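Below is one structure, written out as structure tokens, with a few remarks after it.
This chain uses plain numbering: 1 for the first residue, then up along the sequence. A quick note: this is a predicted structure, and the numbers were derived from the prediction, not measured.
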Amino acid sequence: MKYFAWGISLLVGLMSLGQEMLWFRIVSFNLGGAPYAFAIVLVFFLLGIAFGAQRGKIICKYSSNLLLTGGRVLIFAGALDILIPFIIQNINQPDNISFRLAIFCILILLVAALKAILFPIVHHLGTNIANGNVGASVSKVYFFNIIGSTLGSLLIGGVFLDYVSISSMFIFIGIVCVLLGILMIIKKSAVSVIAVAVLGSFCFCFVDKHTDYIFRNTFKKNISINSYIENRYGVIHIVNDDNDGRKNIVLGNHMYDGIINMDPNNDINDLNRLYLLAAAHPNPKTALVIGMSAGAWTRTLSSFPSLETIDAIEINKGYLDIIKQYPTVSPLLDDPKINIYIDDGRRWLKRNSDKKYDLIIMNTTYHWRSGITNLLSQEMMKILQHSLNPNGILAFNSTRSLDTLKTAQSVFKHAYWGPMGFIYASDSMMKIDENVAKARLDKLVLDSRPLFNEESKQLENGAYKKTLEAKLLSLNEVEKLYNLGRETEVITDNNMITEYKYGIFTTKEK
């Protein structure tokens, strides 16, 4: 019996902590990656564990057949797990995040509580009271639960989600719970264990591993989905917005991540911010892109005639599959001067500190999202400065956070606020001469054709004129323009001010 109890303890811990990872991804997706998403999940998960353990204690006190009772609890828990993707699919109302969040919290509490009920039960089943080894028996059951909990986070969050969608993972966990519950009820034997293992393997092989029930109804009616990819790094959607006619909008974990577009006459993704680098730097030879996404910026960067090498870093390998699907950007996969690395940008820079670049581009996500300090902090700015050549330029998206400009200014000799809050930082002064800029823009060539023809140069809202009309403002000028009502501050790895102190609820956009 003790080995059976150890096995149940391990598997319940694995499934429980694995589900916590799944819930974190769901809540984070719905909150746009807000840093407090994990706190919400953790609070209700711990409340569920506490409530479930208390109920399990009462069951152990009054139940005469713990195997039968525990089996029934597991079957009920498994049935709920299987239903969760369908429940979420039916409550996905884009305009009612509060309602969805409330349902999520209730479900998190329930699934955690149901599995926590088993914790006191397996301790009773696996404890050897007769021989007086209570302490040793309890510690062994607890040990296997800890092993399972650790494996749940690592295997489900770090491995399985590369091959199984979140929706399917809930279904598989539910099936395992049901089978384990049946095994507890029919009593353990070699035949029953083998039968359950075979049935579980059958389910894993024949159940769809890539169902997207949870994210299927996420968008408003006028949003159509072109492509969908899900892996352990997150969820990628390519959508069309029928409201304003925009196509191939890239969404990473439900947040805007760019548009697959390189048409200078229809510069809906404001690539003029990239062209400004061609106007500002006389002869860049090497460039680094941190956060390649769907590749529009990297592909456009290849039009700079003097560039010999472009290194592009992307943490989510799913974007490579997206790029393959769209002819507009797919040529960058075969471009000999473009090197793509699947890695974390900051980690890659530390590992390749000997490499130097004339241009570094980070089209950074929103400054209030979880983990963004990793790219915007003063410590990261120093790493980037080290990776630049003497006249090199760093360009990154502030998403209109003035603190990011203050941070860049604290490291670089010169830092400027450009179009749409894009920041340009360098240890050399940047000055855009219109005639020089025109000459450099005229040299941009993509697919053996000039990027800007005579017609595109005349368009009022085209990328050519927007680039030439761009202004670079100092921190003092931007502070007067925005009138924050407070002093701008330097972002550090320790203070994480854009995520917490001045996060989404204090964001002011103009």
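Here Phe219 and His237 bring their ring centres to under 6.0 angstrom of each other. Side-chain rings of Tyr213 and Phe170 stay apart, their centers remaining 6.0 Å or farther from each other.
Tested against His367 for a side chain to side chain donor-acceptor pair (under 3.5 Å), the candidates Thr399, Thr498, Thr404 yield a single pass: Thr399. Partner of Trp348 under the side-chain contact (heavy atoms from CB on, under 4.5 Å) criterion, chosen from Leu288, Ile315, Ile290: Leu288. Of the candidates Asn269, Asn397, Asp257, Asn397 is the only one forming a side chain to side chain donor-acceptor pair (under 3.5 Å) with Asn363.
At a threshold of 4.5 Å between non-hydrogen side-chain atoms, the residues Tyr142 and His123 count as touching. Between Met380 and Ile491, every side-chain heavy-atom pair lies at or beyond the 4.5 Å cut-off.
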May I have the step-by-step check of side chain to side chain contact (heavy atoms under 4.5 Å, CB included) for Val235 and Phe29, ending in yes or no? CA-CA 8 Å; Val235 180; Phe29 179 91; 4.0 Å; yes
Is there a side chain to side chain contact (heavy atoms under 4.5 Å, CB included) between His210 and Asp208 once you walk through the steps? CA-CA 6 Å; His210 304 287; Asp208 187 353; 4.0 Å; yes
Derivation of the side chain to side chain contact (heavy atoms under 4.5 Å, CB included) call for Met292 and Leu332: CA-CA 11 Å; Met292 181 180 64; Leu332 69 84; 4.1 Å; yes
Determine, step by step, whether Glu314 and Tyr341 satisfy the side chain to side chain donor-acceptor pair (under 3.5 Å) criterion, reporting the C-alpha distance in whole Å, the side-chain angles of both residues, the deciding distance to 0.1 Å, and the verdict. CA-CA 6 Å; Glu314 174 54 54; Tyr341 303 93; over 6 Å; no
Check: residues 43-61 side-chain donor-acceptor pairs under 3.5 Å, at least two apart:
none

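Under a 3.5 Å cut-off, the side chain of Ser398 and the backbone N or O of Phe422 do not form any donor-acceptor pair. Side-chain atoms of Asn495 come within 3.5 Å of backbone N or O of Val490 as a donor-acceptor pair.
Ala296 and Ile259 make their closest contact through CB-O, 3.5 Å (heavy atoms, listed as atom of the first residue, atom of the second, distance).
Aromatic ring pairs are classed by plane angle as parallel below 30°, tilted from 30° to 60° and perpendicular above 60°; the pair Tyr366 and Trp368 is parallel.
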